[in-house]
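This one's a predicted model, so the numbers in the text were calculated from it and none came from an experiment.
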Amino acid sequence: QAQLVESGGGSVQAGGSLRLSCAASRYTTRYSCMGWFRQTPGKEREWVSSINSLTSTAYYADSVKDRFTISQDIPKSALYLQMNNLKPEDTAMYFCAARATSCGGGYSGTQYYTNWGQGTQVTVSS
């Protein structure tokens, strides 16, 4: 089964930046829609951003718009999330997600994705 492996999490102060990476096997032959979610203890997993792998069309939650940027490097089979101007409320476990069908059928809920990584922790201190 294809795997998604996240990396790049860490601890930063408010206003800082981090770049998350997701290594995905069989990237374009398998996945058409990829995304990032985040979750804090006791809360549901929250959608952050998604990208249509074929067109590079990106989608963002209002809470991260203008601060986070999703991108992909298809030759490297990698998905990225550049996070700038981080806030304490961005503290969470961040998960990479993917599915074989286009983002056009919906992208902002966990039910739309079939493959998930194990997560990488991001902690932002004030």
(request) Taking all non-hydrogen atoms of both residues into account, name the closest pair between A14 and P88 and its distance. (result) CB-CD, 4.1 Å
(request) May I ask you to test the Q72-S56 pair for a side-chain heavy-atom distance under 4.5 Å? (result) yes
(request) Applying ring pair (Phe, Tyr, Trp, His ring centres under 6.0 Å) between Y59 and each of Y107, Y112, F68, report the one that passes. (result) Y107
(request) Quick one: list whatever passes side chain to side chain contact (heavy atoms under 4.5 Å, CB included) with A58, sequence neighbours left out. (result) Y60, I70
(message) Please determine whether side-chain contact (heavy atoms from CB on, under 4.5 Å) holds for the pair W36 and W47, giving the CA-CA distance in whole Å, both sets of side-chain angles, and the decisive distance to 0.1 Å.
(response) CA-CA 6 Å; W36 290 96; W47 173 70; over 6 Å; no
(request) Taking all non-hydrogen atoms of both residues into account, name the closest pair between F95 and E6 and its distance. (result) CA-OE2, 3.4 Å
(request) Working to the nearest 0.5 Å, report the span between CZ of R67 and CG of N84. (result) 9.0 Å
(request) Find out whether T91 and V122 are in side-chain contact, i.e. whether some heavy atom of one side chain is under 4.5 Å from a heavy atom of the other. (result) no
(message) What I'd like to find out is whether the side chain of Q82 reaches to under 4.5 Å of the side chain of S17, using heavy atoms alone.
(response) yes
(message) Tell me which pairs pass disulfide bond (SG atoms under 2.5 Å apart) where either residue lies in residues 68-126, with sequence neighbours left out.
(response) C22-C96, C33-C103
(message) Strictly distance-based, threshold 3.5 Å: is any side-chain N or O of S32 a donor or acceptor partner for the main-chain N or O of A100?
(response) yes
(message) I need the minimum non-hydrogen distance between N52 and S102, along with the two atoms involved.
(response) ND2-OG, 3.6 Å
(request) Check whether more than 12 heavy atoms from other residues, nucleotides or ligands sit under 6.0 Å from atom CD of Q118, and answer yes or no. (result) no
(request) Could you tell me if the ring centre of F37 sits under 6.0 Å from that of W116? (result) yes
(request) Can you sort out the partners of V12 under side chain to side chain contact (heavy atoms under 4.5 Å, CB included), two or more places apart, ordered by chain and number? (result) L18, L86, V124
(request) Report the C-alpha distance between L81 and V48 in whole Å, list the side-chain angles of each, state the deciding distance to 0.1 Å, and finish with yes or no for side-chain contact (heavy atoms from CB on, under 4.5 Å). (result) CA-CA 10 Å; L81 186 68; V48 175; 4.2 Å; yes
(request) Would you verify whether the NZ or CZ of R38 falls within 45 degrees of the ring axis of Y94 while also being under 6.0 Å from that six-membered ring's centre? (result) no
(message) Any non-hydrogen side-chain atom of R99 less than 4.5 Å from a side-chain atom of N115?
(response) no
(request) Count the heavy atoms belonging to other residues, nucleotides or ligands that lie under 6.0 Å from CD of Q111, then report whether that count exceeds 12. (result) yes
(message) Do E46 and S63 have side chains that approach each other closer than 4.5 Å (heavy atoms only, starting at C-beta)?
(response) yes
(request) Is it possible for you to say whether M34 and Y80 belong to one hydrophobic cluster, with membership spreading through side-chain heavy-atom contacts below 4.5 Å? (result) no
(request) Of all the heavy-atom pairs spanning S50 and Y113, show the shortest one and how long it is. (result) OG-OH, 2.7 Å
